[in-house]
Each structure stands twice: as structure tokens, then as C-alpha cells.
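Below is one structure, written out as C-alpha cells; the observations come after it.
This one's a predicted model, so the numbers in the text were calculated from it and none came from an experiment. Note that these values count all heavy atoms, side chains included, but never hydrogens, waters or copies made by symmetry.
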Amino acid sequence: MGVLLHDLAPCQAGRMVKVRKTCPSRWRVCGLIVGTTFLLSTETVHAAENLDWLTDPGGWGGLKKQWQKAGVDVSIEDVEELWSIPTGGALPSQHYVGLTDVDVVLDLARLAGGNARDGAWGKFEVSALDLRGKPFSNYPLYAFNQTSSSEADPNLRLYELAYNWTSADGHIDTRIGKLDLSQDFMVSTTAQTFLNASFGWPMLPSNNLYGQGPASPVATPAFRLRYAFSKGWETQIAVADDNGTGARSFINDTDPWNQNQDPSGTHFNFRTGTFVIGEVAHNVNHNGKTGTYKAGFYVDTGRFPLQANQDVSRRGNWEVYMVMDHTLLKNTGAGELRGFVRWEYTGLADRNQISSSLDAGLVLDGPFHRSGDNVGIGFGYAAPSHYLMLQRPDGSERHHGNEYHLELTYAAQVLPWLVVQPDVQGLINPSGGAYDDGKKVKSALIFGLHMDMSF
């Protein structure tokens with residue numbers, strides 16, 4: 001039984017949600033303001049290189065060091081993004097998304113004032129997110145993947161609440177609490193340059209798991225153990241609840257990501273199923289060109305609705321994946337070139353929206369002799385399950401095709417605490433062939449401006 005895509009939008013986790021069509025114009029003005037601000041700030045850096053307030057606003061850096069000596073580390077990150085879709089999708093539109101992350105880490109040994117080494121008694125961490133704006137990858141883009149990793153339902157929520165302990169020799173590292181496992185597993189360090197969310201937490205788990213899986217902005221009760229072997233080998237495993245928000249059903253028409261089932265992030269759910277993820281990593285060095293190779297898996301004991309009949313569910317899910325990061329050209333004055341490839345696959349096509357996905361890219365560190373800058377070009381695709389059927393306006397059905405995305409981005413370190421990142425993305429064949437009001441949704445051209453302020 002296919003899914004009618006008339007006036008419906010597929011969300012990141014494979015749900016369908018009715019949408020309200022809006023096209024705010026005020027962000028055009030904001031785009032001009034931000035663009036002008038970027039140009040002015042660049043000129044200001046050249047004109048006032050020696051002003052301390054440019055490199056350390058309000059003396060925050062010095063204050064942080066004093067707190068760290070006492071055992072308290074406070075970090076603040078603010079992200080502001082403007083996005084424009086001049087062509088493609090269901091209609092042209094402009095969007096704003098933003099988030100503020102406040103993170104506090106307490107070193108228990110330093111707080112006690114004893115002679116123990118830093119972190120000897122472990123560290124306690126708590127963080128919170130202020131999420132703003134409205135997700136737009138569901139509508140008007142009708143995309144499997146999110147345009148930005150900052151897209152989320154607007155909420156003020158608890159993010160992570162965790163205790164971390166690391167052995168003196170660094171071989172054992174443990175973490176327990178409410179965790180975002182996407183920070184530890186399936187990570188490509190090279191891919192972190194890109195803004196598209198699929199270069200962070202990949203499309204396959206994001207579409208196939210409850211509430212997009214244990215990834216930002218939703219953390220889940222979990223325990224993670226990492227053990228580092230000699231000669232560059234490392235392994236880690238985590239056991240977690242598979243439904244961080246505690247949503248009662250996998251599909252929710254009014255809340256497709258299920259983030260609003262727990263808007264404060266304070267719910268600790270243990271009733272849906274168990275999520276286990278494991279990974280082995282090997283660090284290499286070939287004539288000074290470093291790289292990391294990873295292989296991993298996850299299994300989930302929860303129940304998942306079938307793609308062919310969502311009234312029927314089956315227990316269990318799994319995925320395998322591989323990640324490769326490697327330096328391709330060492331820095332000889334023109335920058336260092338790095339590349340990555342990441343692939344994910346599941347054999348349970350009957351209960352998953354995405355059967356396989358892949359992303360790859362190249363990143364040049366230090367272009368134009370600017371050591372803090374990065375420029376990257378990336379590519380990715382998602383292959384939908386053959387059980388996922390698309391209903392055309394004439395009532396006939398066919399299989400979804402692949403969805404592809406491209407990204408060209410430049411991250412400029414304008415100030416020590418400020419990164420400004422213009423971004424261009426292409427979305428090809430959204431959701432493998434979605435329809436809106438009887439018309440096929442067009443491939444989209446997307447322009448973005450990302451600003452990241454870290455203190």
C-alpha cells in the first residue's frame with residue numbers, strides 16, 4: 001500500500017506530516033544585513049588586529065581559565081543560519097534556524113581541591129539547547145535528508161546529563177547518563193566541515209530509528225565504554241534506550257520527529273526497546289599522511305512498522321557501516337587536502353525507509369594561506385527500500401528512486417570566536433520522487449549562510 005504524497009511531506013525519520021505553506025520574506029532583509037556585517041567584520045579585523053576585545057570579548061577567555069583552575073568549565077556556542085531556496089522544492093522560500101548550546105563540565109577532583117590528577121574522580125557534564133526557527137527540509141523541500149544539522153523543533157531543552165571517567169593511562173574511557181551517541185559513533189572528522197545534516201549523523205539511522213535516533217537535539221539514557229589498544233586500535237560500544245523522547249508510536253502525523261513528545265528533554269524512557277551500537281577504529285600513518293578507518297554496527301530490539309503496511313510491525317532492526325578518513329595531500333604551503341567516504345546498509349528493507357546510503361567529500365584545510373579556513377565539496381545519496389511505494393496523482397504506484405545531494409562550502413575563521421560559512425547545496429530528486437498538489441517536487445538549489453560563535 002503506497003503513501004499518497006499530495007500535500008504531505010516526508011520527514012527525516014520517514015513519517016508523513018501535513019504542512020502549512022508559508023513563504024516569509026523578512027529573511028531577505030536579514031540576509032542583506034548579515035552579508036554586510038560579514039564584510040564589515042572582515043575589514044575591522046584588518047584595521048584593529050591588536051584590540052583585545054576582538055580576540056577575547058569581555059575578557060571571557062581569562063575568566064574561563066580561572067574557572068577551569070577551580071574545576072568548572074563553561075562553554076557557550078551560538079549558531080545562526082539563513083537559508084534561501086530560489087528554485088525547486090514545492091515553492092521558493094526563505095528560512096531561519098538557530099540554536100544556543102550552553103555546556104557546563106565539573107571536574108570533581110579539582111572541585112575537591114586535593115592532589116589527585118585532573119579528572120581522577122571523573123567529570124560531571126550538563127548542557128542545554130535553545131532551538132529556534134522552523135525545520136524546512138520536510139516542507140517545502142520534501143527531502144529524506146536535512147539541509148542543516150541545526151534544524152529542529154523549536155524548544156528549550158535539556159541536552160546531555162552525563163558522568164565521564166577516563167583512566168590515568170587513557171586506555172579506558174566511560175560515559176553514562178543522557179547521551180548524544182552521534183558524537184562518538186559513525187563520525188567522520190573530515191565531514192564535520194559540511195552543514196548538511198547527513199554528513200554528521202547519516203541518513204540511514206536518521207530515517208530508520210525512533211525520533212531520528214540518539215542524536216542531537218535528542219539525547220537518550222545510555223552507557224558508553226571505549227577502550228584504546230596499542231598501535232592505533234580502538235573499540236567502543238554503547239547500550240541505550242532506543243526512543244529518547246518516549247514517543248508512544250513510531251509514526252506521529254502531528255509531530256513527525258517526535259521531539260515535541262518530550263519538549264523539555266527531561267524524560268527518561270526505558271520501555272520501547274534496547275539500542276546497542278559498536279565500532280572498531282584503526283589509526284594509520286603512511287609517510288606522514290594520517291587516516292582513520294572505522295567499521296561498526298547497531299541493533300535495535302524495538303518494534304518497527306512495515307513500509308508496505310504501517311498497521312503491522314516487526315521486532316528488531318540493524319545496520320552495518322564503514323567510515324574512512326584520510327589525508328590525501330600534505331600541507332606544502334597550499335593547504336592540506338583530506339577526503340572521506342562513509343557507507344551504511346541494512347538488510348531489513350521491509351521495515352526501513354532507507355536501505356543504504358553513502359556520503360563522500362574532499363576538504364582543503366588552510367586555503368589561500370588562511371590557516372583557520374576550510375573549503376569543502378561533498379556528495380551523498382540515499383537508496384529507499386523497495387517496499388516504499390510512491391502513489392502518483394493518477395493513482396498508479398511506483399518505487400521511489402534515489403535521492404542525491406551536493407554541497408560546496410567555505411568556512412572562514414573571521415575571528416578566533418567567529419566562523420562565517422557561506423554554503424551552496426543541490427537536492428536532486430527529493431524523496432526519490434515526491435508530489436505536491438499533483439505536481440512532482442522539483443530538484444532544489446539552496447543557498448545558506450552559517451555563523452558560529454563559540455566562547
Side-chain angles (χ1 to χ4, degrees), residues 64 67-68 70-79 98-112 118-132 149-150 152-167 172-187 200-201 205-206 209-226 236-248 255 257-277 279 298 300 302 454-455:
K64 262 191 71 128
W67 289 350
Q68 286 171 342
V72 180
D73 189 3
V74 180
S75 300
I76 303 172
E77 181 179 13
D78 185 79
V79 173
L99 69 85
T100 302
D101 180 2
V102 179
D103 185 85
V104 179
V105 179
L106 305 178
D107 187 323
L108 302 183
R110 282 196 177 189
L111 286 173
D118 293 347
W121 298 359
K123 296 181 179 181
F124 178 77
E125 180 179 2
V126 60
S127 58
L129 295 175
D130 176 30
L131 302 159
R132 305 176 295 276
S149 59
S150 300
D153 290 327
N155 286 307
L156 177 63
R157 63 187 301 126
L158 173 69
Y159 180 31
E160 289 194 301
L161 183 67
Y163 172 79
N164 173 244
W165 179 82
T166 303
S167 63
I172 300 175
D173 182 79
T174 62
R175 205 158 183 251
I176 187 170
K178 197 161 190 178
L179 308 181
D180 172 3
L181 295 179
S182 71
Q183 298 182 22
D184 299 305
F185 296 88
M186 303 191 194
V187 175
W201 185 240
S206 186
L209 296 176
Y210 278 85
Q212 301 180 284
S216 175
V218 175
T220 192
F223 171 74
R224 192 264 295 152
L225 171 65
R226 178 183 295 139
Q236 59 179 341
I237 190 167
V239 180
D241 181 82
D242 73 340
N243 184 1
T245 65
R248 294 185 178 277
D255 185 17
W257 288 344
N258 278 324
Q259 292 172 8
N260 292 312
Q261 305 302 298
D262 179 26
S264 65
T266 56
H267 185 75
F268 286 75
N269 179 57
F270 296 97
R271 67 169 180 261
T272 310
T274 301
F275 178 81
V276 180
I277 184 169
E279 183 178 281
Y298 72 68
D300 192 325
S454 300
F455 303 98

task = Could you walk me through whether Tyr163 and Arg175 pass side-chain contact (heavy atoms from CB on, under 4.5 Å), step by step?
result = CA-CA 6 Å; Tyr163 172 79; Arg175 205 158 183 251; over 6 Å; no
key: Point-to-point distance, once rounded to the nearest 0.5 Å, from CD1 of Ile277 to CZ of Arg224   = 12.0 Å
note = Distance col, row Glu77:CD vs Phe455:CZ, nearest 0.5 angstrom, shows 10.5 Å
ask   = For Leu111 and Ala70, which heavy atoms make the closest approach, and how far apart are they?
value = CD2-O, 3.3 Å
Test log, rule salt bridge (Lys or Arg N to Asp or Glu O under 4.0 Å), inputs Arg226 and Asp184 = CA-CA 10 Å; Arg226 178 183 295 139; Asp184 299 305; 3.1 Å; yes
request  = Find out whether Arg157 and Asp262 are in side-chain contact, i.e. whether some heavy atom of one side chain is under 4.5 Å from a heavy atom of the other.
outcome  = yes
query = Which heavy atom in Ala215 sits nearest to a heavy atom in Asp180, and how many Å separate them?
reply = CA-OD1, 3.2 Å
message = For a quick test of reading the model, state the closest non-hydrogen atom pair linking Leu209 to Pro214 and the distance between them.
response = CD1-CD, 4.3 Å
query = For Asp153, what residues pass the side-chain contact (heavy atoms from CB on, under 4.5 Å) criterion, not counting sequence neighbours?
reply = Pro135, Asn155, Asp255, Trp257, Gln259, Asn260
Qualifying residues under salt bridge (Lys or Arg N to Asp or Glu O under 4.0 Å), relative to Asp78, sequence neighbours excluded = Arg132
ask   = Do you see a donor-acceptor pair shorter than 3.5 Å between the side chains of Ser75 and Lys64?
value = yes
request  = Starting at CG of Asn258, measure out to OG1 of Thr245 and round the result to the nearest 0.5 Å.
outcome  = 5.0 Å
request  = Just do the side-chain hydrogen bond (donor to acceptor under 3.5 Å, both in side chains) check on Thr272 and Asn243 with the steps written out, would you?
outcome  = CA-CA 6 Å; Thr272 310; Asn243 184 1; 3.1 Å; yes
Distance (rounded to the nearest 0.5 Å) between Asn269 CG and Thr220 OG1 = 7.0 Å
message = So, using ring-ring contact (aromatic ring centres under 6.0 Å, His included) as the criterion, who are the partners of Trp165 when residues are at least two apart?
response = none
task = Over all heavy atoms of both residues, which pair between Pro205 and Met186 is shortest? Give the atoms and the distance, please.
result = CG-SD, 3.9 Å
key: Close side-chain approach of Phe275 and Val239, heavy atoms under 4.5 Å   = no
ask   = So how far is it from Ser127 OG to Leu161 CG, rounded to the nearest 0.5 Å?
value = 8.5 Å
task = In sequence, state the C-alpha distance, the side-chain angles, and the governing distance for Arg271 and Arg248, and then conclude on side-chain contact (heavy atoms from CB on, under 4.5 Å).
result = CA-CA 10 Å; Arg271 67 169 180 261; Arg248 294 185 178 277; 3.8 Å; yes
Pairs under 3.5 angstrom only: tabulate donor-acceptor contacts from the side chains of residues 101-110 to other protein residues two or more places apart or in another chain.
{"from": "Asp107", "atom 1": "OD1", "to": "Ala109", "atom 2": "N", "distance (Å)": "3.1"}
{"from": "Asp107", "atom 1": "OD1", "to": "Arg110", "atom 2": "N", "distance (Å)": "3.3"}
{"from": "Asp107", "atom 1": "OD1", "to": "Gly119", "atom 2": "N", "distance (Å)": "3.2"}
{"from": "Asp107", "atom 1": "OD2", "to": "Gly119", "atom 2": "N", "distance (Å)": "3.0"}
{"from": "Arg110", "atom 1": "NE", "to": "Asp118", "atom 2": "OD1", "distance (Å)": "2.9"}
{"from": "Arg110", "atom 1": "NE", "to": "Asp118", "atom 2": "OD2", "distance (Å)": "3.3"}
{"from": "Arg110", "atom 1": "NH1", "to": "Gln68", "atom 2": "O", "distance (Å)": "2.4"}
{"from": "Arg110", "atom 1": "NH2", "to": "Asp118", "atom 2": "OD2", "distance (Å)": "2.6"}

request  = Assess the side chains of Thr100 and Asp130: does a donor N or O sit below 3.5 Å from an acceptor N or O?
outcome  = no
message = The criterion is ring-ring contact (aromatic ring centres under 6.0 Å, His included); which residues satisfy it with Tyr159, sequence neighbours excluded?
response = none
query = Between Ser167 (side chain) and Ile172 (backbone), is there a donor-acceptor pair under 3.5 Å?
reply = yes
request  = Work out which heavy atom in Val187 is nearest to a heavy atom in Ser182; give both atom names and the distance.
outcome  = CG2-O, 3.3 Å
Under 3.5 Å side-chain donor-acceptor pair for Thr166 and Asp173 = yes
query = For the residue pair Leu158 and Glu160, what are the closest heavy atoms and their distance?
reply = CD1-O, 4.1 Å
Sidechain-backbone polar pair: Trp201 side chain, Gln212 backbone, donor-acceptor under 3.5 Å = yes
message = Between His267 and Gln261, is there a side-chain heavy-atom distance shorter than 4.5 Å?
response = no
inquiry  = Nearest 0.5 Å, please: how far is CG in Leu156 from OG in Ser264?
reply    = 9.0 Å
note = The ring-ring contact (aromatic ring centres under 6.0 Å, His included) partners of Phe185 (sequence neighbours excluded) come to none
